[in-house]
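Start at 1 with the first residue, then count along the sequence.
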Amino acid sequence: MPRILQECVDRIKGSIDIVELVGKYVQLRRAGNSWKACCPFHGEKTPSFHVNPARQAFKCFGCGVGGDGVKFVMMFENLDYPSALRRIADANGIPVIEEEENPEAARQRQLRARVVQLNALAADYFHRKLCRDRNADHVRAYLKQREFNIEVAKAWNLGWAPPDYREFAALAASRRMDNRLQVEAYLLGSGRSGQYPVFRDRLMFPIQNVRGEVVGFSGRIMQEGQDPRKYVNTAETVAFRKGELLFGLFKATGPIAKAGMCVVVCEGQLDVIACHEKADIRNAVAGLGTAFTEEHARMLHKYAKKAILCYDGDNAGIKASEKTFRKLAQVGMDVYQATLPPGEDPDSLIRTQGAEALRQAIGDARPYLEVRAGVELANIKDSNDRASLIPRMADLAADLADPTRRDVAVADLATRLNTGLDTFRDTVNGIIRARKDAPQDYARREPEPDYGEYGEYGDTAPLEDAAALPEEPQAPVVPIRIHPTLLDIIRLAAQNKQMQDMFVDRIMDLQIPIGKLPGGAVLQGLLEQLPAPGDADAWQAFLATLRPEQAAGLRGVSNAEVRIDDAPDTYVNQACDAATRAAIMADIDTLQAQIRSGGLSPEQYMELHERCVELRSLLGQ
C-alpha cells in the first residue's frame, strides 16, 4: 500500500500551528500562556480542553484525550492517520508525495536514525575533549575571555573538535559507525586526497531540532587565519536542513510562551547563549549564519506572535535585520527592534554594561518600522533624500500581513516622513497590488548578505534595498564584476563534482584571492553550499543565497554537469595558480597607484618600491 514519504510527513507536521488549527474547529479563549475551550470530544459546561502552543499539543483534563495537531484532526474528523495528514496538507498547500514501501525508503529512515546516533556520540566526545583535554586550553581560554564558564559549556554541551580525528574515528568504529556513515553525517568530507575531517580545532556547537535530537554542528575557528570560513556548519544531510533550524529553539519554546508568546532573535550562537545564561533571557534564538528564511519564520510563528530583533547596535545592524523583519512580518508576527549601543551585540553589551543593560534594551524595544524610520531620517540631507526614502519605507510597510497593523503603521510612518497619509497609503497599496500581479519580480528584490560573525569576503558591503514606486519600472539589477580567474574556478566547481571537491581541499590556497579579487564572496559561497553539478534545483537554491547583483554576475555560468576524464587535478592546479597570480598583480597595481599619487617621503617611496619588487619576484618578473 502506498505510504507518504517521511520527508513529506515532516513538512506537513512542521506546517501546523496548533492554535490556528484547533481554532478552525472550536472557539478558543486565551488562558495565560495557553488557550482553552469546552472539549469537543465530550459534553461539558466548564472548559477543561487546553491547547499549548509551546508544546504544539492539546489536552483535555476532563476526558483525558490529548496529542498533536494530526491527532486532533483524526479525532474530530474521524479520519485515519494518512487521511488526516492529507487533510492538513491540502489546507496548507503542501503536495503529498507517496511511495511504495521499499527497501530504499526503509534504508533512508534507518540512515537518519543512525546519523542522529552518530551526532549524539560526536557531541559527547567533543564535550569531553573541551572539558578534559589539555590541548583544548586555548578554547577554554577563549570561552573564559567571553565570560562563559564550565557550567554554561555543560548546559549547552559545547565541545572542541581536535585537529587529530583518529581518536573519534576509532570510537565511532567501536560502535559500528563506519566512515561511510561519518560522511553521511558530514563529520567526514570527501576530496581529492580522500576523506578528511570537516571540523578541526573548532569550538563546537551541537545543533538540536525542536525534539532535542542532535542533527548537526556549527564549528567556530579558534585561530585567526586557519580558515577563511569563521564558522562551518553541517552540510545538508538526511537529518540536517539549515534553512529549517534555529539555534536555541529547543530550549526556548517554553520560555517563549512564558514571555507572552515573544521570541528574541539574535545573529549568532554565542549571543543566544549569553542571553540565556548571562541575562536570563531564555526566549532567544538565532539562525545558523544564513539569511532568515520563510521556513524559519513559519516555524517561529507556531511558537510566538511577537519577535524582538536583537542585532548589532549600529545603523548597519538595524538595516541588516531588514530581511528578518520582512519574513516575520509576512507570516503575521509583530516585529520589534531592540536598539543596542553602536558597536555592541548582546554578548558584548552584557560584558561591558551588565545583563540589566541588555534586558533594558529588549524591554524598550520599539516596532521595527518606527526604529528604521528614525535611522533613515537621521541621515536625511535634503528633500531629494526624503523623497527617495518614502517608497523604501512604503515597501517595508507593505510586508505587514495584518491589515489593521499595516494601517496603524502607515499612519505613523506618514507622520514621521512628513508626507500625506492618503498618498503614502496609496503607495503602500500599490506595492501590494504589484506584488500580487508579478510576485516573481519581488521575490528577487531583497539582498541576502550574511552579517556579523559570519563575515563574507571580497565585495560584501551591504546595499540598501531601493524599491521603486509601483507605477515606475524597477531599476535593473547591475551585475557585479567577477574576476575572470575566479569565474573560471566557479565554472569548474559548478560543473564537475570531482573538481568541486578538489577546490574545497585547496580552500587555504584560495583564501588570498577570495579576499582580494572582485567576486570572492560568490566563490566562497559556492564552496560552502556545494550545489551538485547537474542539479538545477541545487543551483537555483545556491543563487538564491546570493545578493541579486551577485547572482546576476553568474548569468553566463551553467551548472550542467561536465565529465572530465583527463587529469582534473591539472585544471584545478592551473586555476588556483592563476587566481593567486591575479591577487599578487592586484596588490602590485595598488602599490603602483600609491606611488603615482605622489606626496610620499623618500622612505615611504622606497618601502612601496621594495614591496613591488618582492611581489614581482613571486611572479618570476
Side-chain angles (χ1 to χ4, degrees), residues 6 103-140 153-154 156-209 211-223 226-227 229 231-242 245 250 288 497-498 500-502 504-508 527-528 530 532:
Q6 184 59 45
E104 176 60 22
R107 191 191 76 82
Q108 286 295 315
R109 290 193 298 275
Q110 293 168 1
L111 176 60
R112 185 190 182 282
R114 292 285 285 166
V115 165
V116 170
Q117 290 175 352
L118 177 60
N119 284 338
L121 179 69
D124 289 342
Y125 170 79
F126 294 145
H127 181 63
R128 290 197 307 272
K129 300 300 286 185
L130 173 65
C131 295
R132 303 175 185 175
D133 197 314
R134 289 186 177 181
N135 294 319
D137 285 346
H138 63 303
V139 188
R140 292 190 290 269
K154 290 179 178 179
W156 292 81
N157 207 26
L158 303 183
W160 173 59
D164 191 337
Y165 187 79
R166 288 174 294 182
E167 183 180 10
F168 177 73
L171 173 64
S174 70
R175 305 293 179 87
R176 298 183 178 180
M177 297 176 176
D178 59 17
N179 284 9
R180 286 184 299 176
L181 181 63
Q182 294 168 51
V183 171
E184 291 285 356
Y186 200 64
L187 292 170
L188 282 178
S190 297
R192 174 169 56 94
S193 303
Q195 295 173 342
Y196 60 91
V198 173
F199 303 103
R200 288 168 285 190
D201 191 21
R202 287 180 179 270
L203 172 62
M204 300 296 288
F205 300 87
I207 308 301
Q208 295 174 284
N209 60 19
R211 295 190 298 275
E213 297 173 324
V214 179
V215 294
F217 296 91
S218 181
R220 186 195 191 281
I221 59 171
M222 285 290 96
Q223 300 180 40
Q226 78 180 63
D227 193 323
R229 302 166 299 173
Y231 279 83
V232 168
N233 294 315
T234 298
E236 298 285 304
T237 71
V238 292
F240 186 91
R241 294 183 179 86
K242 184 165 59 174
L245 291 165
F250 169 64
L288 298 175
K497 176 61 176 170
Q498 187 177 4
Q500 187 182 89
D501 292 337
M502 291 179 180
V504 172
D505 289 345
R506 297 286 298 272
I507 188 68
M508 295 304 297
L527 295 182
E528 290 180 348
L530 300 178

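- Put simply, the side chain of V215 reaches to within 4.5 Å of the side chain of L245, judged on heavy atoms.
- The line from CG of L121 to OG of S174 is 7.5 Å long, rounded to the nearest 0.5 Å.
- Here the straight-line distance linking atom CE of M177 with atom CG of N119 works out to 9.5 Å at 0.5 Å rounding.
- Using a 4.5 Å cut-off on side-chain heavy atoms (C-beta onward), M204 and H127 make no contact.
- With N233 contributing its side chain and L288 its backbone, the two residues share a donor-acceptor pair below 3.5 Å.
- Contact of the K129 side chain with the E167 side chain is registered, since non-hydrogen atoms from C-beta on lie closer than 4.5 Å.
- Look at E184 and R114 and you find no salt bridge, because none of the NZ, NE, NH1 or NH2 atoms lies under 4.0 Å from a carboxylate O.
- Contact detail for Q195 and S190: the closest heavy-atom pair is CG-OG, 4.0 Å.
- Counting heavy atoms from C-beta on, the side chains of I221 and D201 never come closer than 4.5 Å.
- L527 and V504 make their closest contact through O-CG2, 4.1 Å (heavy atoms, listed as atom of the first residue, atom of the second, distance).
- Relative orientation of the Y186 and F199 rings is perpendicular, given thresholds of 30° and 60° on the angle between their planes.
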Between Q182 and Y165, does a side chain to side chain donor-acceptor pair (under 3.5 Å) hold up when you go through it step by step?
-> CA-CA 12 Å; Q182 294 168 51; Y165 187 79; 2.6 Å; yes

Please step through side-chain contact (heavy atoms from CB on, under 4.5 Å) for the pair L111 and L181, ending with a clear verdict.
-> CA-CA 8 Å; L111 176 60; L181 181 63; 3.8 Å; yes

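- Taking each heavy atom of V116 and A239 in turn, the nearest pair found is CG2-CB, 4.1 Å.
- Across all non-hydrogen atoms, the minimal contact from L130 to A153 is CD2-CB, 4.1 Å.
- The existence of a salt bridge linking D501 and K497 is confirmed by a sub-4.0 Å separation between a basic side-chain nitrogen and an acidic carboxylate oxygen.
- The structure places CZ of R140 at 9.5 Å from CZ of R134, a figure rounded to the nearest 0.5 Å.
- Of all non-hydrogen atoms in A172 and L118, the two that sit nearest each other are CB-CD1, 4.2 Å.
- Here the rule is ring-ring contact (aromatic ring centres under 6.0 Å, His included) with F217, and of F205, F126, Y125 only F126 fits it.
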Evaluation steps, side-chain contact (heavy atoms from CB on, under 4.5 Å), between N157 and D124 = CA-CA 7 Å; N157 207 26; D124 289 342; 3.9 Å; yes

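- The pair E213-R112 meets the salt-bridge criterion, with a side-chain N (NZ, NE, NH1 or NH2) lying under 4.0 Å from an Asp/Glu carboxylate O.
- Here the closest non-hydrogen pair linking A120 and V214 is N-CB, 4.4 Å.
- Between the NE2 atom of H138 and the CH2 atom of W160 there is a distance of 6.0 Å, given to the nearest 0.5 Å.
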